[in-house]
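Please read the structure below before turning to the comments.
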Amino acid sequence: MPELPDVEGFRQVLLSCGRGRRVTGVRVRDAGVLRGVGVTRLRSALEGRRLGTPWRHGKWLFVPTEDGAPPRGEDPAGAEGPVLAFHFGMTGSLRCGARDEAPAPHDRIVFTLDGPRSLRYRDQRKLQGVRLTDAAGIDRIREGLGPDALSVHKPEFEEALAGRRGAVKSELMDQSVIAGLGNLLCDEILWRARVAPRTAARDMDGRTLRGVHTAMGRVLKTSVHDRCVPPRRGWLTGRRDDGDPHCPRCGSSLRSGRVSGRRTVWCPVCQP
DNA sequence: ATAAAGTCCTGAAAGC
DNA sequence: TGCTTTCAGGACTTTA
């Protein structure tokens, strides 16, 4: 599930449910989601600290923590603490629940807060997870990421893709080229831009590349609003699981195949 | 049993 | 030739 729009939704959850709240408890129900940090260190690092303003780059979500002391007038920010970094893999999510709500089967970590609610990191398959990091660690993560898909402008987008010889879909999916796009988004964007997914990026002229950027912006705008790539009937995503899927634009039979190991759906007529 | 919205690793092929 | 980029496949993990 989690591509950029989903992660953006989790950021909103954190903003409304966690920001400014003190962490009173950390229950690790399955340590399999911890990356590079143990239960003890995670708890001692977080308990008593306040959650700061969450921010996102690609599919990563970062949550700074601040000193646990209540904010004073002179020192509103508080001392800098460690930073929580979430990556949701294919099945992860962040939920806001009532403080005493019984955990769901895949709630791997429950963060109890000083208000009436708690935050849960839920993940069926534990493909990625939660880590504890700092400014240097964030830099290391971001070194491997291209510009964020939601904020990248046309020239930077063109530059990121120009000359790449891989299939345009593979390049869009490559987080070191553009950060945040996943399998569904890429298919949706290329369908909207009328570009076949296996087209080599370097064979695309500036005009086509800019068209992909425009399509990306439109698809992201709606998807971020909906907090997921919406399975609307007017979108490719709303058709890809049909028995015999047809293009919502021209009615042709959709094709399905594999591009860099991922299931790929496209319209052979609209995307020559 | 096969497949799944993510990433990482390997080995091989392609390109400069 | 050698370096880099890219691809395919498998691995991780759990459930429908």
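Throughout, protein chains are lettered first and strands after them, A, B, ... in sequence-line order, and every chain is numbered starting at 1.
The side chain of A:M90 lies closest to B:dA4, out of B:dG15, C:dC7, B:dA4. Counting only heavy atoms from C-beta on, A:R202 has its side chain closest to B:dC16 among C:dC12, B:dC16, B:dA5. Listed candidates were B:dG15, C:dC7, B:dG6. Nearest to the side chain of A:S170 is C:dC7. Of the listed nucleotides (C:dT14, B:dG6, B:dA5), B:dA5 has the atom at the smallest distance from the side chain of A:L184. Side-chain proximity of A:R258 to the nucleotides B:dT7, B:dA4, B:dG15 is greatest for B:dA4. Closest approach to the A:A167 side chain among C:dC7, C:dT6, C:dT13 is made by C:dC7 (side chain taken as heavy atoms from C-beta onward). Distances from the side chain of A:Q124 to the nucleotides C:dT15, B:dT7, C:dC12 place C:dT15 closest.
One can find a donor-acceptor pair under 3.5 Å joining the base of C:dT5 and the side-chain atoms of A:R165.
Residue contacts shown for A:R35 are absent, as no nucleic acid heavy atom lies under 4.0 Å away. Among the protein residues, A:R262 comes within range of the nucleic acid bases, having at least one heavy atom under 4.0 Å from a base atom.
Distance A:D174 CG to B:dT7 C1': 11 Å, rounded to the nearest Å. Distance A:R122 CZ to B:dA5 P: 21 Å, rounded to the nearest Å. Spacing between atom CZ of A:R125 and atom C1' of C:dC12 amounts to 9 Å, rounded to whole angstrom units. B:dG6 atom C1' lies 12 Å from atom CZ of A:F88, rounded to whole Å. For A:Q175 and B:dA5, the CD to P distance is 14 Å, given to the nearest whole Å. Nucleotide B:dT7 holds its C1' atom 17 Å from the CG atom of A:L172, rounded to whole Å. Following rounding to the nearest Å, A:R164 (CZ) and B:dG15 (P) show an atom-to-atom distance of 15 Å. Between the NZ atom of A:K126 and the P atom of B:dG6 there is a distance of 20 Å, rounded to whole Å.
For C:dT15, the OP1/OP2 oxygens have a side-chain nitrogen or oxygen of A:H106 closer than 4.0 Å. OP1 or OP2 of B:dT7 lies within a sub-4.0 Å distance of a side-chain N or O belonging to A:H87.
A:T237 contributes atom OG1, which lies 9.5 Å from atom CG of A:N183 (distance to the nearest 0.5 angstrom). One distance of note links CZ of A:R117 with OG of A:S16; it measures 6.0 Å at 0.5 Å rounding.
At distances below 3.5 Å, at least one donor-acceptor pair connects side-chain atoms of A:S44 with backbone N or O atoms of A:R41. Judged by distance alone, with hydrogens and angles left aside, the side-chain atoms of A:R164 form no donor-acceptor pair with the main-chain N or O of A:S170 at under 3.5 Å. Not one N or O on the side chain of A:D107 forms a donor-acceptor pair closer than 3.5 Å with the backbone of A:R122. In terms of modelled atom types and a separation under 3.5 Å, the side chain of A:S252 and the main chain of A:C247 share no donor-acceptor contact.
The partner of C:dT13, taking Watson-Crick or G-U wobble pairs whose two distances both stay under 3.5 Å, does not exist in any strand shown. B:dC16: Watson-Crick or G-U partner is C:dG2, with both key distances under 3.5 Å.
Taking atom P in both C:dT6 and B:dA5, one finds a spacing of 23 Å when rounded to whole Å.
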